Amino acid sequence: MKFVEILYYFFMLSAGVSAAMILFTENLFRAVLLLLIVLLSVAGIYVMSFAEFLAVTQILIYAGGVVVVILFGIMLTSKTSGTALTVKNTNVFSAALLGCLLIYLLIRLLTKDFSNAQTEPLDFNSIRETGINLMTSHLLAFEVAAILLLVTLIGAAVISSGNKNSIVK
Amino acid sequence: MIPLLHTLYFGAFLFTIGLMIILIKKSLVMMLIGLELMLNAANVNLVAFNQMYPASISGQMFALFIVVVAVCETAIGLAIVLHVYKMHNTSVPEEISELKG
């Protein structure tokens, strides 16, 4: 087994185990830290799959932005101070049944024998290709994403500002 | 060489875990965490299929835009959770019962 493949399976294992631990932990804060491990491991999988730009985006936006935003959300919506933030479970049996059914179906569906993933180094620069594509063939989607981000910025500020006149009660 | 099937199995596992977190946990913030896991599972699948044709990077581009939309969804979702907390003083979905008869 080559070193690249060992790294690939290591990232998959750490992401899978951390995701399963989110399901079983009852501490909200610990769940966010486990989410951070999952996101960083997925970024590692992207690097192994020659998606370098996506990996850097994942680390910057998810690990740097989303996790911090979720932590702020936890701090602003918790009543207790000093005690651990516990989350109760509900519908455990039906959810476990549905989860088992879904993963059984997904694994049964994936019967086609796909080709192996590319692990040899490629002869082109994927980051350069991403930049060229963003400015040529994907320019419309790029601009729409920019407008979406602007709308989100204004919308989030308006919703959470608590101004009674601007919010439909 | 890593079989593509193993990455797809990993994506299916991550998606199922995310769905179960949304169904089981009694907290709005925890449901957002489950949503992030499901979106990441979709992205892992896109990147994996991109490796069948590494010269065209359409899968990576698609995943990039999914990341943008996921971030917008998290920001708006947390703003809504904060507003709900201000109005109902709780972030447990079962206790928000103003619209129940």
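In what follows, every chain begins at residue 1, and chains take the letters A, B, ... in the order their sequences are listed. Computed from a predicted structure; not experimentally measured.
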Original post:
Are A:V17 and A:I45 joined in one hydrophobic group, where the rule is that I, L, V, M, F, W and Y side chains link up if heavy atoms are under 4.5 Å apart?
Top reply: yes
Original post:
With distance as the sole criterion, is a donor-acceptor pair present between the side chains of A:Q58 and B:N40 under 3.5 Å?
Top reply: yes
**OP:** Provide the closest heavy-atom pair for B:E36 versus B:A70 in the form atom of the first, atom of the second, distance.
**Re:** OE2-O, 4.0 Å
**OP:** Measure A:T57 against the heavy atoms of chain B and call it side chain, backbone, both or neither at under 4.5 Å.
**Re:** side chain
Original post:
For B:N43, is it the side chain, the backbone, both or neither that has a heavy atom under 4.5 Å from a heavy atom of chain A?
Top reply: both
Subject >> B:K26 versus A:V87, closest heavy-atom pair with distance >> reply: N-CG1, 3.7 Å
**OP:** Among A:N91, A:L76, A:V151, single out the residue with the greatest number of heavy-atom pairs under 4.5 Å to chain B.
**Re:** A:L76
Subject >> Side chain / backbone / both / neither for B:M20 at chain A, heavy atoms under 4.5 Å >> reply: both
Original post:
Is the CE atom of A:M21 crowded by more than 12 outside heavy atoms at less than 6.0 Å?
Top reply: no
Original post:
chain A: which of B:V69, B:V44, B:L32 shares the most heavy-atom pairs with it under 4.5 Å?
Top reply: B:V44
**OP:** Please determine, by modelled atom types, if A:Y8 and B:T7 share a side-chain donor-acceptor pair under 3.5 angstrom.
**Re:** yes
Original post:
Measuring heavy-atom distances to chain B, does A:V42 have an atom under 4.5 Å in its side chain, in its backbone, in both, or in neither?
Top reply: side chain
**OP:** Flag the one option from B:T16, B:L23, B:L14 with the top tally of heavy-atom pairs under 4.5 Å to chain A.
**Re:** B:T16
Original post:
Which region of B:F65, side chain (C-beta onward) or backbone (N, CA, C, O), has a non-hydrogen atom less than 4.5 Å from a non-hydrogen atom of chain A, or is it both or neither?
Top reply: side chain
Original post:
Is it the side chain or the backbone of A:F72 that comes within 4.5 Å of chain B heavy atoms, both, or neither?
Top reply: neither
**OP:** Taking the side chain as every heavy atom from C-beta outward, state whether A:S160 and B:H83 have any atom pair closer than 4.5 Å.
**Re:** no
Original post:
Using non-hydrogen atoms only, which part of A:L106 is less than 4.5 Å away from chain B: side chain, backbone, both, or neither?
Top reply: side chain
Original post:
Do you know the tightest heavy-atom contact between A:L148 and A:T152?
Top reply: O-OG1, 2.7 Å
**OP:** Can you see which heavy atom on A:Y62 is nearest to which on A:L39, and at what distance?
**Re:** CB-CD1, 3.7 Å
Original post:
Can you tell which of B:H6, B:E73, B:M61 has the highest number of heavy-atom pairs within less than 4.5 Å of chain A?
Top reply: B:M61
Original post:
chain B heavy atoms under 4.5 Å from A:L23: which part of the residue, side chain, backbone, both or neither?
Top reply: both
**OP:** Identify which of A:A31, A:A95, A:G155, A:G65 forms the greatest number of heavy-atom pairs closer than 4.5 Å to chain B.
**Re:** A:A95
Original post:
Highest number of heavy-atom pairs under 4.5 Å with chain A: which of B:L37, B:L64, B:V68, B:T74?
Top reply: B:L64
Subject >> Contact origin within B:L78 toward chain A - heavy atom pairs under 4.5 Å >> reply: side chain
Original post:
In terms of heavy-atom proximity below 4.5 Å to chain A, should B:L8 be classed as side chain, backbone, both, or neither?
Top reply: both
Original post:
Can you find a side-chain donor-acceptor pair between A:S126 and A:E52 that sits under 3.5 Å?
Top reply: yes
Original post:
Around atom CZ of B:F62, are there more than 12 heavy atoms of other residues, nucleotides or ligands at under 6.0 Å?
Top reply: no
Subject >> Side chain, backbone, both or neither of B:I33 within contact of chain A (heavy atoms, under 4.5 Å) >> reply: both
**OP:** Among the options B:C72, B:A12, B:G11, pick out the one with the most heavy-atom pairs lying under 4.5 Å from chain A.
**Re:** B:C72
Original post:
Given that the side chain runs from C-beta out, which part of B:F10 has a heavy atom under 4.5 Å from chain A: side chain, backbone, both or neither?
Top reply: side chain
**OP:** Check A:I22 against B:K25 and note the closest heavy-atom contact, atom names and distance.
**Re:** O-CE, 3.7 Å
Original post:
Can you tell which of A:S94, A:C100, A:G16 has the highest number of heavy-atom pairs within less than 4.5 Å of chain B?
Top reply: A:G16
Original post:
Measuring from B:S27:OG to A:E26:CD, what's the distance to the nearest 0.5 Å?
Top reply: 12.0 Å
Subject >> Toward chain B, the part of A:I70 with a non-hydrogen atom under 4.5 Å >> reply: both
Original post:
Which atoms form the tightest heavy-atom contact between A:S14 and A:S41, and what is the distance?
Top reply: OG-OG, 2.7 Å
Subject >> Part of A:L134 within contact of chain B (heavy atom distance under 4.5 Å) >> reply: both
Original post:
Do you know which of A:L149, A:L109, A:L98 has the most heavy-atom pairs under 4.5 Å to chain B?
Top reply: A:L149
